[in-house]
2 protein chains.
Amino acid sequence: MEKELDSETLDWRSVCPIASGLDVLGDKWSLIIVRDLIQHGTRTYSEFGDSPERISTNILAARLKWLTSLGLIEHVDPERASRNNAYRLTASGLALRPVLEELGRWSQNHLKALHPDIVDIL
Amino acid sequence: MEKELDSETLDWRSVCPIASGLDVLGDKWSLIIVRDLIQHGTRTYSEFGDSPERISTNILAARLKWLTSLGLIEHVDPERASRNNAYRLTASGLALRPVLEELGRWSQNHLKALHPDIVDIL
DNA sequence: CCGGATCCTTGTCGATACTG
DNA sequence: CAGTATCGACAAGGATCCGG
């Protein structure tokens, strides 16, 4: 109860849609989780840890809770709360696909000089 | 000098373009600065502080340095390094426009329930 | 084992005061 | 006006521990 990271307790910086999007997704990990779910459809807790970015377990747990409270992801089986219960995107989460596509496209076009190993897929 | 926030010293989490984009822009302020420059064309240091999100001066200075070192923004007058010298986007920075548009569109469509005051423009 | 929770150290954020 | 310096609060990261 020290830190309730919950969509109720969020204070928005402004009424701007871009700023509001960043209030919610403007960190280094949330969109990585969304990306994994777009690529794989569903993913269990430990499968998220297999991605090359190597998210640590405490951050993963916090972000999954956060994205769930926002309604962007959900458990595949709403009953069985854990033990190999995978996560998947809701319709809201899936709607982020164009955002990720544009971001990936931009990175490929404008980050190659700084990061030559960057790769060509979503 | 304790912390050189510079594009040279960045270590990429992976070769994924999405992760790499987030390595560079995955924070709450960088894209706000880009948004301001897209909307206004150029902006001086103190004008950035007028935006409703109220960025604080140390973070603003750090982000401006960071975006400059990435080649996304530049000074309007390359000689006169400061004192009313405005910033503007480079071609790389301008290319972020579709990313911001998709993000703004997503926020309008999926954040209204959580944040009813959200507004309808870029 | 799997899905987390907890501990602890380090790093980053953010407000404000201050300087050239 | 364009930044720096300072300092407290908080978030990230790594390691480990725990319950089912």
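Basis for what follows: all heavy atoms, side chains included, without hydrogens, waters or symmetry-related copies. Computed from a prediction, not measured in an experiment: that's the story for all the values here. Lettering follows sequence order; numbering is per chain, from 1.
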What is the distance, rounded to the nearest whole Å, between atom [atom1] of [X] and atom [atom2] of [N]?
X	N	atom1	atom2	result
A:Arg43	C:dG3	CZ	C1'	15 Å
A:Trp66	C:dG4	CH2	C1'	20 Å
B:Tyr45	C:dG20	OH	C1'	13 Å
B:Leu10	C:dT12	CG	P	11 Å
B:Ile33	D:dA2	CD1	C1'	14 Å
B:Asp23	C:dG11	CG	P	18 Å
B:Asp27	C:dC13	CG	C1'	11 Å
B:Leu60	C:dC13	CG	C1'	14 Å

Tell me if a side-chain donor or acceptor on A:Trp66 pairs with a main-chain N or O of A:Ala61 at a distance below 3.5 Å.
no
Between A:Trp29 and D:dA11, does any side-chain N or O lie under 4.0 Å from OP1 or OP2?
no
D:dA2 phosphate, OP1 or OP2: any side-chain N/O from B:Lys65 under 4.0 angstrom?
no
Which residue pairs pass the salt bridge (charged side-chain N to carboxylate O under 4.0 Å, His left out) test with at least one member in residues 20-33 of chain A, sequence neighbours excluded?
A:Arg13-A:Asp23, A:Asp27-A:Arg63
Pairwise salt bridge (charged side-chain N to carboxylate O under 4.0 Å, His left out) hits with a residue in residues 42-51 of chain A, at least two apart:
A:Asp36-A:Arg43
What pairs of nitrogen or oxygen atoms, one from the protein and one from nucleotides 18-20 of chain D, lie under 3.5 Å apart?
residue : atom : partner : partner atom : Å
D:dG20  : N2   : A:Arg83 : NH1          : 2.3

Does B:Arg97 come within less than 4.0 Å of B:Glu102, counting only side-chain N to carboxylate O?
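No, this pair does not count.
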Please determine if A:Arg105 and A:Asp120 form a salt bridge, counting it only when a charged side-chain N lies under 4.0 Å from a carboxylate O.
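No.
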For DNA chain D, which residues of residues 46-59 of chain B approach it to below 4.0 angstrom with any heavy atom?
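The stretch gives B:Ser46, B:Thr57, B:Asn58 as the residues lying under 4.0 Å from the strand, ordered by number.
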Would you check if A:Leu67 and A:Ser30 make a side-chain contact, meaning some heavy-atom pair closer than 4.5 Å?
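They are in contact (side-chain heavy atoms under 4.5 Å apart), so the answer is yes.
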Go through D:dA11, D:dG3, C:dC13 for me and flag the one nearest to the B:Tyr87 side chain.
D:dG3
Residue set satisfying side chain to side chain contact (heavy atoms under 4.5 Å, CB included) with B:Thr90, at least two apart, ordered chain then number -> B:Glu74, B:Ser92
List in chain and number order the residues that pass side chain to side chain contact (heavy atoms under 4.5 Å, CB included) with B:Val76, two or more places apart in sequence or in another chain; answer none if no residue qualifies.
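Per chain and number, B:Val76 pairs via side chain to side chain contact (heavy atoms under 4.5 Å, CB included) with B:Thr42, B:Asn85, B:Ala86, B:Arg88.
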Nearest heavy atoms of A:Ile55 and A:Phe48, plus distance in Å
CG2-O, 4.1 Å
